[in-house]
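Quick note: residue numbers are just sequence positions, from 1. We use all heavy atoms of the structure for the numbers below, so side chains are in, but hydrogens, waters and symmetry mates are not.
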Amino acid sequence: QVQLVESGGGLVQAGGTLRLSCAASGINFSRYTMAWFRQAPGKGRDFVAAVRQSGHSYYKDSVKGRFTISRDNAKSTVYLQMNSLQPEDTAVYYCATSQSVILSAIQREDQYHFWGQGTPVTVSS
């Protein structure tokens, strides 16, 4: 079965950095779009970034220039490097994947069929 296991979350001060990892199993990783979403306390789940099979990446406007998504197909792992973290980045971060993501809808939750359990990120001011 498909498994996505996130790691790397934690508590960091504003301006700090974290790198999240998501290890996938049960899929032909190189053929899947990989994405990160986040859910802040009391809010819905929001798109953060995605990387397609081609390597092209897409970002939520508020994280452009601060976050970088990357993938290592040999390790079946996707990463989210988060720099210049701010308190508003506090959320549970989820890894998600699908083989059939429509490019025009890459930010939509319903495009992704498999999800990890989430890793919490807390940024203190």
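With a 4.5 Å cut-off on side-chain heavy atoms, Val121 and Leu18 count as touching. By the 4.5 Å heavy-atom criterion applied to side chains, Val78 and Cys95 are counted as neighbours.
Contacts classified as salt bridge (Lys or Arg N to Asp or Glu O under 4.0 Å) and involving residues 8-19 (residues at least two apart or in different chains) are not found. Applying the disulfide (SG to SG under 2.5 Å) definition to pairs two or more places apart or across chains, none involves residues 38-93. Legend: disulfide (SG to SG under 2.5 Å) pairs involving residues 31-94, not counting sequence neighbours: none detected. Applying the salt bridge (Lys or Arg N to Asp or Glu O under 4.0 Å) definition to pairs two or more places apart or across chains, those involving residues 110-125 are Arg108-Asp110.
Atoms CD and OG, on Gln3 and Ser76 in that order, are 12.5 Å from each other to the nearest 0.5 Å. Put simply, CG on Asn28 and CG on Asn73 are 9.0 Å apart, with the number rounded to the nearest 0.5 Å. Atom SG of residue Cys22 and atom CD of residue Gln117 lie 8.5 Å apart, to the nearest 0.5 angstrom. Annotation: the span from Thr90 atom OG1 to Leu85 atom CG amounts to 8.5 Å, rounded to 0.5 Å. Once rounded to the nearest 0.5 Å, the distance linking CE of Met34 with CG of Leu4 reads 5.5 Å.
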Practice task
Begin from the C-alpha positions of Tyr32 and Val101 and carry the test side-chain contact (heavy atoms from CB on, under 4.5 Å) through to its verdict.
Solution key: CA-CA 8 Å; Tyr32 280 65; Val101 176; over 6 Å; no
Practice task
Mind running side-chain contact (heavy atoms from CB on, under 4.5 Å) on Gln13 and Ser125 for me, showing each step along the way?
Solution key: CA-CA 6 Å; Gln13 289 188 331; Ser125 57; over 6 Å; no
Problem - Stepwise side-chain contact (heavy atoms from CB on, under 4.5 Å) check, Gln39 with Asp46 - result: CA-CA 6 Å; Gln39 187 167 19; Asp46 279 343; over 6 Å; no
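Across every non-hydrogen atom of Ser57 and Ile69, the tightest pair is CB-CG2, 3.6 Å. Across every non-hydrogen atom of Leu11 and Ser124, the tightest pair is CD1-CB, 4.4 Å. Shortest non-hydrogen contact noted between Trp36 and Leu20 is CH2-CB, 3.7 Å. Minimum heavy-atom separation, Gln86 to Gly15: NE2-N, 4.2 Å. Minimum heavy-atom separation, Ala105 to Gln111: O-CG, 3.1 Å. Shown here for Arg52 and Ile106, the closest heavy-atom pair between the two residues is CG-CD1, 3.9 Å.
One N or O on the side chain of Glu6 and one on the backbone of Gly118 form a donor-acceptor pair closer than 3.5 Å. Looking at Tyr93, its side chain never comes within 3.5 Å of a backbone N or O of Ser7 through a donor-acceptor pair. Of the possible polar contacts, none joining the Thr97 side chain to the Phe114 backbone as a donor-acceptor pair under 3.5 Å is found.
Under a hydrophobic clustering in which Ile, Leu, Val, Met, Phe, Trp and Tyr are joined whenever their side-chain heavy atoms come within less than 4.5 Å, directly or via other members, Leu103 and Val48 fall into different clusters. Residues Val123 and Val92 do not share a hydrophobic cluster, clusters being chains of Ile/Leu/Val/Met/Phe/Trp/Tyr side chains in contact below 4.5 Å. Hydrophobic clustering keeps Met82 apart from Tyr79 (ILVMFWY residues linked when any side-chain heavy atoms are closer than 4.5 Å, directly or through intermediates).
A cation-pi arrangement is present between Arg71 and Phe29, with the terminal nitrogen or guanidinium carbon under 6.0 Å from the aromatic centre and inside a 45° cone about the axis. For the pair Arg38 and Tyr94, the cation does not sit on the ring face, since its NZ or CZ is not both under 6.0 Å from the ring centre and inside 45° of the axis.
For the residue pair Gln53 and Thr33, a side-chain donor N or O sits within less than 3.5 Å of a side-chain acceptor on the partner.
Chaining together hydrophobic side chains whose heavy atoms lie under 4.5 Å apart leaves Ile102 on its own.
The aromatic rings of Phe37 and Tyr112 lie perpendicular to each other, with more than 60° between the two planes, well past the 30° mark.
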Please list every donor-acceptor pair under 3.5 Å in which a side-chain atom of residues 60-67 meets a protein atom from a residue at least two apart or in another chain.
residue	atom	partner	partner atom	Å
Asp61	OD1	Lys64	NZ	3.1
Arg66	NE	Ser62	O	3.4
Arg66	NH1	Ser84	O	2.9
Arg66	NH1	Asp89	OD2	2.7
Arg66	NH2	Ser62	O	3.1
Arg66	NH2	Asp89	OD1	3.0
Arg66	NH2	Asp89	OD2	3.4

